[in-house]
Protein chains: 2
Amino acid sequence: MVRPNAGTKGVPRLDRETQILDIASEQFGTHGFAATSVATVADKAGISKPLIYNYFGSKEGLYEACLDRGGSLLADEIERIARGEAVGIERGMATLAGMFTLLEPQPYLWRLFFDPTAPSTGAIADSIAGYAERIGKLADEGVTELMRLAGNDDPLDISAMTAVWLGIVDSLMNWWMEHPEESAEQMMQRCMRLLTALFGGDAE
Amino acid sequence: MVRPNAGTKGVPRLDRETQILDIASEQFGTHGFAATSVATVADKAGISKPLIYNYFGSKEGLYEACLDRGGSLLADEIERIARGEAVGIERGMATLAGMFTLLEPQPYLWRLFFDPTAPSTGAIADSIAGYAERIGKLADEGVTELMRLAGNDDPLDISAMTAVWLGIVDSLMNWWMEHPEESAEQMMQRCMRLLTALFGGDAE
DNA sequence: GACCTATATGACCTTTGGGTAAGTTACCAC
DNA sequence: GTGGTAACTTACCCAAAGGTCATATAGGTC
């Protein structure tokens, strides 16, 4: 039968891989791992399924490549902010600002690391755990410092507060994805206003 | 072939339905809608798949029945608390206390309403939206009042703050499910300590 | 021109899960 | 005793999705 582009020197592999990962990241990040099919990614990339399997080995391999690409961006940025001088809530706001800016062109990137339908064992789980550890470690540091300032060093309290902080970030990201017309700058200003509403003027 | 319980007057239908919903709620709430199969629910209930389809019509019908049963519990409790006199953060803490108590025997109930793998159109989506509206409406009332006290009546800010509040609740529920040894009372005390850590003594 | 490799495809296989067909029989009413 | 119904089952169907097989050929090297 006719095979449209078989036997062609098409797109160089590295370019094609980047294109595939752009589309796959958006699909996985928007719909979740389980609800995204390799066939859909291939369709949207204008290629065939076997090519994706040739390059990435499996659906999990594809997801892992997406994580590796996006995770470095995310974790590097959060680590960069953590090296700053901000502490406590100020550090939290700085982290949010950096993430809004980073994620503005690709807000779905966040969801790659917080997807309940991603595999919970194997390479993907290990990769997610690795990035979550990097991200959570910094969150934990920031939270531990804030809790220490408040005189609380209970490990379970710190763990719960870290979970709450990540839950706040997650809900803001989700709200933002439901309001894509809001810019990163507007989101940051909104966060400052919410902070002020909660703490009054001393958040300044 | 042998059909073990075919042709028996087994369990009265209402009793069997309750049993099925207990198991289905736990499976859906623990694994999510998509990752829960009707076959698994049947296995754990010790019955066959066709019986579930006979009683509930479809997988979506089964989920909807779970939502209807659990949603009334959740929404009724939150509405009961909302009729109290507490305002602002005090009301939020009262809501948490009520929910911890309600959910202690069945923490997965929360997840039925916050499952990204549940269908986003059709009857289930409508049902979830209905309960989410009841729950979110109360959250929105509480948040609107808090924001008004702070001098902020921007609708988008209120919407974002409501999302943050629900994100906090969601992250606490998830943390709790990862620490099932903690009692509802301990969770409430922990929340008070986290609150104190953030606001200092005036949260008392 | 021959050979090799890179880039690519349609067709196919297998498994899984939503759902149904056809059938069984205990219990109850008449 | 007969008929009807409720509660129930095994076997089966179909579609979808993960993944593979066999094949095509443009372009580059020798």
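Proteins get letters first, then strands, A, B, ... in listed order; numbering begins at 1 in each.
The shortest distance between the side-chain N/O atoms of A:Arg13 and the OP1/OP2 oxygens of C:dA8 is not below 4.0 Å. Residue B:Tyr55 has a polar side-chain atom (N or O) positioned under 4.0 Å from OP1 or OP2 of D:dC8. A sub-4.0 Å separation between OP1 or OP2 of C:dA6 and a side-chain N or O of A:Arg16 is absent.
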Please produce a list of atom pairs where a protein N or O lies less than 3.5 Å from an N or O of nucleotides 26-28 of chain C.
{"from": "C:dA26", "atom 1": "O4'", "to": "B:Gly7", "atom 2": "O", "distance (Å)": "2.8"}

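Checked against C:dT7, D:dT9, C:dT9, the side chain of B:Ile47 finds its nearest nucleotide in D:dT9. When the nucleotides D:dT10, C:dG19, C:dT7 are ranked by their closest atom to the side chain of B:Tyr53, C:dG19 comes out on top.
Take A:Asp115 and apply the side-chain hydrogen bond (donor to acceptor under 3.5 Å, both in side chains) test, not counting sequence neighbours, and it matches A:Thr117.
By the 30° and 60° cut-offs, the orientation of the rings of A:Phe199 relative to B:Phe199 is parallel.
Counted by atom type alone, B:Trp110 and B:Asn174 present zero donor-acceptor pairs between their side chains at under 3.5 Å. Side-chain contact annotation: B:Ser159 with B:Thr162, donor-acceptor N/O pair under 3.5 Å absent.
Between B:Arg69 and B:Asp22 a salt bridge is recorded (basic side-chain N to carboxylate O distance below 4.0 Å).
If you find the closest nucleotide of DNA chain C to A:Pro50 and to B:Val38, the one lying nearer the 5' end belongs to A:Pro50.
With hydrogens and angles left out, the side chain of B:Lys59 and the base of C:dG19 share no donor-acceptor pair within 3.5 Å.
Near-neighbour residues of DNA chain C inside residues 116-126 of chain B, defined by a heavy atom below 4.0 Å, are absent.
Residue-environment remark: CD (B:Glu77) exceeds the threshold of 12 foreign heavy atoms within 6.0 Å. More than 12 heavy atoms of other shown residues, nucleotides or ligands fall within 6.0 angstrom of atom CD in A:Glu141.
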